[in-house]
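Read the structure below first, then the notes.
All heavy atoms count here, side chains included; hydrogens, waters and symmetry mates do not. In what follows, chains carry the letters A, B, and so on, assigned in the order in which the sequence lines appear, proteins first and then strands, with residues in each chain numbered from 1. These figures come from a predicted structure and were not determined experimentally.
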There are 2 protein chains.
Amino acid sequence: MCGALTPEELTRLAAHTRKSHVDAGNELAGEATPVDSYANVMKGVVKLTKGLDDGRQQVVGLQFAPDLLGRLFAREHPTSAEAATDVELCVVPRPALEQLIATTPAMEHRLMQQALRELDDARDWMVTLGRKTATEKIATFLVLIADHSQPGHASGAARSFELPLSRSDIADFLGLTIETVSRQITRLRGLGVIHLSGTRQVDVPDMDRLRAMAG
Amino acid sequence: MCGALTPEELTRLAAHTRKSHVDAGNELAGEATPVDSYANVMKGVVKLTKGLDDGRQQVVGLQFAPDLLGRLFAREHPTSAEAATDVELCVVPRPALEQLIATTPAMEHRLMQQALRELDDARDWMVTLGRKTATEKIATFLVLIADHSQPGHASGAARSFELPLSRSDIADFLGLTIETVSRQITRLRGLGVIHLSGTRQVDVPDMDRLRAMAG
DNA sequence: CGTTTATTTGACGCGGTTCAATCAGTGTGG
DNA sequence: CCACACTGATTGAACCGCGTCAAATAAACG
């Protein structure tokens, strides 16, 4: 339980951790709020968002299992964190984790790796936000979700998954409006690149074809 | 020399480091190129870029002194790195730095801090790319450069600095075209928010006024 | 079912791109 | 020292992708 750690690290943490369930839509941490605990995502998707004064919002990252939640070594959260789907967390009080890190270089190394991966992801997404068209943005997003739904799939194979985000969240992730998101999804459906069952269930008959549309 | 490290760390590195000067416009590392050395930026500005197949480009980060250049713990560079201005580097062979990191937890901790700061910056920039208007993007960029030119200045004070990027680079950083960048800079000049001497020298009579335009 | 909320669809306008021309700055050779 | 070319920046005009506003469906929920 509370996966993604080595057995030894686990033992040292176990005494301090606490499982927690959060329903979709609930906020886990507010922007510019004190960091008093960290959490491992066990199940579900958490969205990290930043807001502008006038209400504009941008989703700046999605956290899947087994990502660690919470900005290390900072007084305040730089983003807010909200459960995009129902979420299972493994919560650790701040002092417990920071002490473990301070005394276990391997632990810090592991977290460093995650931070660097998130940095790579963030920069990839900057390309999507800055340089891709609406259709490419949607395709890029669908590929991202598909790749996280059942890792280790064949390249061109078909794929089926459920969207963890509402149209509104997708819009805030891609820097678009809800209407444009809806229109582009409809467009991809019209081209036969994807099939929809209901509003969130997506079938991709040919992932390579989708990838080709992602720029 | 080769600043930003503690004396002890410095001593261990000194034997392996080599100073290097790179003229503006030269590439330091290609995208998807093997990482065989790291470098500390001593002076000047390095831009990190990612490209799409069809030539579209996005600047995904700027590195100022004393940032470390090079993706740790990865085989390949996720971005290309190019000298935006003339640059002074302090180059370290890959094995030397990685061994120092492996044996000096404090060193990894310091680099972790940089990685986390860069992640914060990247996410801030995602808001700029996804949700701000052209004018706000330009204002945000000018504030960023101003803040890096002479750190620790009074809030509303005037400020004068030289742009380290060409209009084309600015466009690729902000997800705009050169023409829009030019027009918005002209607009800010017309509003009296900035004054230009030549094409790169910028005077900001009131930083708070500029900040107010950054969204 | 009726009500509420999420999504889709339609019509229209605008911000930013595109394409094209002009202007400014910087070397370069006659 | 001045034409000339060359590169980078500005300016102009026309276009279009996406946003905005409004309405119609569809889905979720009591």
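- Rounded to an integer number of Å, the gap from B:R189 CZ to D:dA9 P is 14 Å.
- Among the protein residues, B:S182 comes within range of the nucleic acid bases, having at least one heavy atom under 4.0 Å from a base atom.
- Of the listed nucleotides (C:dT18, D:dT20, D:dA9), C:dT18 has the atom at the smallest distance from the side chain of B:E179.
- Distance CG (B:L174) to P (C:dG15): 18 Å, rounded to an integer number of Å.
- Note: CZ (B:R187) to P (D:dT11) measures 14 Å, nearest angstrom.
- Closest approach of B:L28 and B:A83 over heavy atoms only: CG-N, 4.3 Å.
- A:L142 places a side-chain heavy atom less than 4.5 Å from the side chain of A:L188.
- To the nearest angstrom, C1' of C:dT8 lies 14 Å from CD1 of A:I194.
- Phosphate proximity of D:dT11 to B:T186: present, with a side-chain N or O under 4.0 Å from OP1 or OP2.
- Straight-line distance from the CZ atom of B:R167 to the P atom of C:dG16: 17 Å, rounded to whole Å.
- For the pair A:I138 CD1 and C:dT7 C1', the computed distance is 13 Å after rounding to whole Å.
- Judged by distance alone, with hydrogens and angles left aside, B:R183 brings no side-chain donor or acceptor close enough to the base of C:dG15 to form a pair under 3.5 Å.
- Taking 4.5 Å as the limit, some side-chain heavy atom of B:M112 sits within range of a side-chain heavy atom of A:L72.
- Among the atoms of the strands shown, base atoms are found under 4.0 Å from some heavy atom of B:T180.
- Where A:L196 and A:R131 each meet DNA chain C at their nearest nucleotide, the meeting point lying more 5' is that of A:L196.
- Taking atom CZ of A:R200 as the reference point, atom P of D:dA27 lies 14 Å away to the nearest angstrom.
- Atom pair A:I178:CD1 and D:dC18:C1' shows a separation of 14 Å (rounding to whole Å applied).
- By the 30° and 60° cut-offs, the orientation of the rings of A:F141 relative to A:F173 is perpendicular.
- Within 4.0 Å of B:L176, counting heavy atoms only, lie sugar-phosphate atoms of the nucleic acid but no base atom.
- Side-chain nitrogen and oxygen atoms of B:T177 include at least one within less than 4.0 Å of the OP1 or OP2 phosphate oxygen of C:dT17.
- In this structure, the side chains of A:Q58 and A:D172 stay at 4.5 Å or more apart for every pair of heavy atoms.
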